[in-house]
Each structure stands twice: as C-alpha cells, then as structure tokens.
Number of protein chains: 2
Amino acid sequence: MAKTKIVSKQRDAELTKKLILDAAESEFARRGLLGARTEDMAIAADCTRAMIHYYFDSKETLYRLVLERMLSEQAKVAQGFDINQGTPAEALERFLRIVMTDLRENRNLPLIMLFEGIQNEGKFYKQIVIAAIYEPIQAMLERGKKEGVFRSDINSLHTAINIMGACLFYTMSRNNLAHMFEGTPDILNKELYDVHMEQALQLIITGVKN
Amino acid sequence: MAKTKIVSKQRDAELTKKLILDAAESEFARRGLLGARTEDMAIAADCTRAMIHYYFDSKETLYRLVLERMLSEQAKVAQGFDINQGTPAEALERFLRIVMTDLRENRNLPLIMLFEGIQNEGKFYKQIVIAAIYEPIQAMLERGKKEGVFRSDINSLHTAINIMGACLFYTMSRNNLAHMFEGTPDILNKELYDVHMEQALQLIITGVKN
DNA sequence: GCGCATACTAACTAACATGTTAGTTAACCG
DNA sequence: CGGTTAACTAACATGTTAGTTAGTATGCGC
C-alpha cells in the first residue's frame with residue numbers, strides 16, 4: 001500500500017474567519033439562529049467546531065456578526081440615492097434595479113431577515129434596514145401620484161410591500177422554484193436572474209402607472 | 001392559605017389530537033422540521049410531550065400529517081376553476097382572489113413550503129401543489145397575450161412567479177411587516193388583509209395589461 | 001534551527017433534544 | 001358501584017448539540 005502523505009492545509013486566520021462567517025451566513029439563512037447547526041458550519045468552512053468558538057465566542061455572537069456584516073453591506077447599496085431625480089417611474093425603476101442587483105450577491109439577507117422576524121421577534125436586528133427600503137419606495141409612489149403619473153388609488157405602504165414581494169420572492173424561494181427551471185442548478189445565475197429582474201420591473205412599473 | 005382545587009381538564013382524544021396538529025403546524029411554520037421543538041408544541045397544545053408520541057409516532061410522522069392536512073385543504077381551493085371563463089384579466093383576478101382569500105386561513109402553508117424547499121430539499125412534499133398554482137396563472141397569461149390584452153413581452157413563467165411573490169409576501173412576512181402597521185397586533189386581520197388583496201390585484205392586473 | 005506565539009485538533013462535559021415506559025386517573029358500560 | 005379501557009403523566013433512557021480544555025503543530029522572527 002502506498003504511503004499517503006497527509007498535507008495539512010496552510011494556516012490563515014483571516015481566511016478561516018471568513019470561511020466560518022460565510023458558512024454561518026448560509027446556515028443561518030437555512031435554519032435561523034436556533035435551528036442552525038455549528039457542526040454544519042464547520043463542515044462547510046472546512047474546519048472544526050472548536051474553531052468557531054476560538055474565533056467567535058458563541059453561536060449567538062457569530063449570528064450577531066453575520067447580521068452586522070450583511071447589514072453594513074446592505075447600507076451601502078442605495079446610499080445617496082436621489083428619489084427625485086428623473087420621473088417617478090424612472091426613479092423607482094432605477095432604485096429597484098439597484099436593490100435587486102445587490103440581492104443576487106447579498107442573497108441570504110432576505111431569508112435571514114424573515115427568520116429574524118418569525119423566530120426571534122426581531123430581537124437582533126434594527127428595523128432601520130427595513131425602513132430604508134420601504135420609505136424611498138413609498139416616497140416615490142407618493143410623488144408619482146402627486147404628479148398624476150401613477151394611479152391615484154395606490155396605497156403607498158401596501159404597494160411598496162407588494163412591490164418588494166415581487167422583487168424578493170424569486171431570490172427567497174430559489175430552492176422551491178428550481179424544479180421549474182429544469183436543468184438549471186442555480187436559478188440565481190446571471191442570465192436567468194436578469195430575466196427575473198426585467199420581468200419584475202415591467203410588472204411593477206406598468207402596474208403603478210396610470 | 002386557601003386550598004386550591006386543581007380541576008383536571010376534560011379528556012378528549014380528538015380535541016387533543018387537533019390541538020397538537022395545530023400547534024405543530026405553527027411550530028413547523030416557525031422553524032421547519034428540524035428546528036421545531038416538540039416541547040413548544042406540547043405547551044401550545046396544553047399537553048405533555050408524551051402525548052405527541054402517544055398519538056403521532058414521531059416528530060417526522062407528525063410533520064407528514066401536518067403537510068397532508070394542509071395540502072388536502074389547499075387542493076380543494078381552486079378545484080374546478082375555469083381559466084377560460086371571462087376575459088383573461090377577469091379570470092386571473094378571480095383566481096388570485098380565491099388563492100389569497102384562502103391564504104388568510106391557510107396562513108402557514110407558504111412558510112412551511114418555503115422551509116420544505118430550503119431545509120429538506122422538498123423531500124416530504126409533492127411539487128404538484130406548486131404546479132397547481134403556477135400552471136393556471138401561466139395559462140391565463142398566455143391566453144391574455146394571445147388575445148392581445150396582456151403585454152406581449154410577458155414571460156409567463158417569470159411573471160407568474162413575480163405575481164405569486166406579490167400575493168404571498170405579505171402573509172409570509174407578517175412578523176417583519178407588523179411594526180409598519182403600529183398598533184395592529186395581527187396584520188392578517190380581515191380589514192387590513194382586504195386592503196392588501198385589492199392593492200396586490202390592482203398592481204398585478206394593471207401590470208400585465210397592455 | 002530554536003523558541004515562541006498562535007492556528008488548530010481531539011476528546012471531553014454539560015445541557016438539551018427526542019423518544020420510551022411504567023404507572024395513574026378519568027370516563028364509560030355493565 | 002366495580003371493572004375495564006383509554007387518556008394522560010412523570011420519570012427515565014438515549015441521542016444530539018453547544019461549548020470547553022488540554023495539548024499539538026505550524027509558521028515566523030531571530
């Protein structure tokens with residue numbers, strides 16, 4: 001029998017920490033804080049469970065850090081966006097395009113937020129993030145109504161929610177929808193996701209216009 | 001000290017079973033199969049954990065039964081619906097109204113389905129249910145396109161998904177959205193839910209029309 | 001190449017989860 | 001009533017999970 005030399009992988013604290021954070025993010029997006037298994041994170045990060053406690057005190061601390069990382073990423077996205085630039089329809093489309101484009105990268109955010117609301121009663125995250133998405137949409141809808149280019153019977157809060165529903169559902173339900181796109185391992189691939197984006201935008205923009 | 005007579009509650013196997021099923025349904029909708037805690041179900045059903053195993057063999061068996069109950073309920077909803085009755089817009093609106101109205105009762109279905117896809121890779125449920133919702137919508141969209149009343153650039157699959165997104169998101173995200181309707185303990189109350197429905201329908205129907 | 005800091009592991013413990021079992025109490029029927 | 005069945009409970013057994021700890025190995029400065 002040939003002797004197999006076991007090559008231990010290179011030591012790299014920063015890389016290991018990042019791998020753990022990444023693994024934790026998808027695991028939390030799968031099962032939420034309570035349901036997440038550190039063992040599964042360790043496997044995904046290619047390290048031992050002990051490493052999680054070595055770098056991140058507890059599962060809860062890790063969870064807080066995952067949230068922080070995601071939210072600080074999200075905060076940048078629509079930073080400095082001017083809701084009054086262009087027509088209401090143009091502005092709304094531009095905004096939703098930014099949000100959805102980012103969502104393909106930041107794909108775990110919606111599910112983790114959903115879990116946060118369902119399982120933890122929003123104990124760990126600030127509602128600021130949510131407001132940061134809904135408020136501009138509502139404002140743009142109101143402007144469109146005032147300018148007479150959007151339907152006057154629009155309830156801006158409910159419509160903002162329904163718009164976000166159309167924008168987020170595809171990303172959140174990727175596992176459930178996968179079988180409808182047979183032969184496509186990841187329906188968040190750029191080509192298909194672009195179709196979703198365009199279709200969503202057409203539905204929404206046409207839907208709010210007079 | 002006053003002597004307190006402890007009155008043991010009446011014995012009722014059918015009621016207990018129903019209470020367990022109901023409790024299990026919401027617990028599974030909160031955390032999914034793996035994350036759900038039988039202890040929490042027992043508390044919600046006002047019985048002991050042992051009763052769960054007395055009536056339902058295991059957590060997984062209970063889960064299967066919860067799924068079955070929900071799906072057989074869902075199957076009835078749009079039974080015998082004629083997608084060709086009335087104009088495409090009328091038919092689509094009628095269909096979505098039925099689906100959304102039922103969703104207020106069957107409010108755990110979307111979340112349990114979501115979990116099923118994310119956590120269990122759809123191991124326990126048949127994709128038939130999903131198809132039963134998307135196929136009629138796609139068909140109605142196609143008819144509308146052919147008759148020239150719906151936009152010709154509609155991709156019926158993506159649009160059907162985006163439409164369902166608008167319909168389901170409000171229900172699924174009720175915990176996250178609650179704080180936007182301050183002072184409303186349950187945003188699925190009839191009055192508010194009706195507003196959501198009307199707003200969603202307006203967005204969708206306007207959105208698909210030419 | 002030697003010593004030292006630190007990345008990392010294996011093997012634990014404690015807490016918590018599900019599932020079991022032996023026994024208790026309530027209801028029902030004669 | 002009195003006995004039998006079925007609903008239910010408390011305590012236990014078993015397995016799983018988070019977190020700890022004592023020790024090993026690797027890379028790096030000198």
Side-chain angles (χ1 to χ4, degrees), chain A residues 3-67 115 119-120 123-124, chain B residues 3-67 115 119-120 123-124:
Chain A
K3 215 170 178 178
T4 316
K5 177 127 180 241
I6 290 159
V7 183
S8 69
K9 61 176 181 179
Q10 278 225 60
R11 297 184 167 200
D12 186 336
E14 288 313 307
L15 177 65
T16 303
K17 275 196 257 184
K18 193 199 172 303
L19 287 175
I20 292 172
L21 276 171
D22 289 347
E25 190 182 297
S26 23
E27 178 63 10
F28 285 133
R30 247 169 79 92
R31 315 201 217 253
L33 172 54
L34 194 85
R37 298 291 137 101
T38 55
E39 174 65 26
D40 290 359
M41 297 177 192
I43 291 169
D46 192 28
C47 67
T48 58
R49 274 188 326 100
M51 293 313 296
I52 294 172
H53 296 285
Y54 180 65
Y55 287 117
F56 309 94
D57 185 50
S58 63
K59 189 164 92 162
E60 191 179 304
T61 307
L62 179 57
Y63 180 68
R64 287 179 194 278
L65 285 170
V66 165
L67 273 187
F115 284 126
Q119 298 177 353
N120 313 327
K123 190 174 146 196
F124 296 102
Chain B
K3 215 171 182 178
T4 315
K5 178 126 180 246
I6 290 159
V7 183
S8 70
K9 64 175 178 180
Q10 278 225 65
R11 292 180 171 204
D12 186 337
E14 288 312 307
L15 177 65
T16 303
K17 275 195 259 185
K18 193 199 173 303
L19 287 174
I20 291 172
L21 275 170
D22 289 347
E25 189 182 299
S26 24
E27 178 63 9
F28 285 132
R30 248 170 78 93
R31 316 200 216 253
L33 172 55
L34 195 85
R37 298 292 135 101
T38 54
E39 175 66 26
D40 289 359
M41 297 176 192
I43 291 169
D46 192 27
C47 67
T48 59
R49 273 187 330 100
M51 292 313 296
I52 293 173
H53 296 285
Y54 180 64
Y55 287 117
F56 309 93
D57 186 50
S58 63
K59 188 164 93 162
E60 191 179 303
T61 306
L62 179 56
Y63 180 69
R64 286 179 194 278
L65 285 169
V66 164
L67 272 187
F115 283 124
Q119 298 177 351
N120 313 327
K123 190 176 146 195
F124 296 101

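Naming convention: chains lettered A, B, ... in sequence-line order (proteins, then strands); numbering from 1 in each chain.
In this structure, CG in L62(B) is found 10.0 Å from CG in L67(B), a value given to the nearest 0.5 Å. For the atom pair CG (D22(B)) and CD (E27(B)), the distance works out to 13.5 Å, reported to the nearest 0.5 Å. Taken to the nearest 0.5 Å, the NZ atom of K17(B) stands 12.5 Å off from the CG atom of L19(B). L65(B) CG to E25(B) CD: the interatomic distance, rounded to the nearest 0.5 Å, is 12.0 Å. Atoms CZ and CZ, on F56(A) and R64(A) in that order, are 14.5 Å from each other to the nearest 0.5 Å. The line from CG of L34(A) to CD of E60(A) is 10.5 Å long, rounded to the nearest 0.5 Å.
For the pair Y54(A) and dT21(D), the criterion of a side-chain N or O lying under 4.0 Å from OP1 or OP2 is not met. The side chain of T48(B) places no N or O atom within less than 4.0 Å of a non-bridging phosphate oxygen (OP1 or OP2) of dC8(D).
Here Y55(A) lies in heavy-atom contact (under 4.0 Å) with sugar-phosphate atoms only.
Under the 6.0 Å cut-off for aromatic ring centres, F115(B) and F28(B) do not qualify, their centroids lying 6.0 Å or more apart.
For M51(A) and dT9(C), the CE to P distance is 6 Å, given to the nearest whole Å.
Annotation: proximity of residues 11-20 of chain B to DNA chain D (heavy atom, distance under 4.0 Å) is found for R11(B), D12(B), A13(B), T16(B), numbered in ascending order.
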Could you pull out every donor-acceptor pair under 3.5 Å between side chains of residues 38-55 of chain B and any protein atom, sequence neighbours left out?
residue: D40(B); atom: OD2; partner: R31(B); partner atom: NH2; Å: 2.9
residue: H53(B); atom: ND1; partner: D57(B); partner atom: O; Å: 3.0

Nucleotide by nucleotide, nucleotides 15-23 of chain C touches protein heavy atoms under 4.0 Å in the pattern (B base, S sugar-phosphate only, - none) --SBBB---
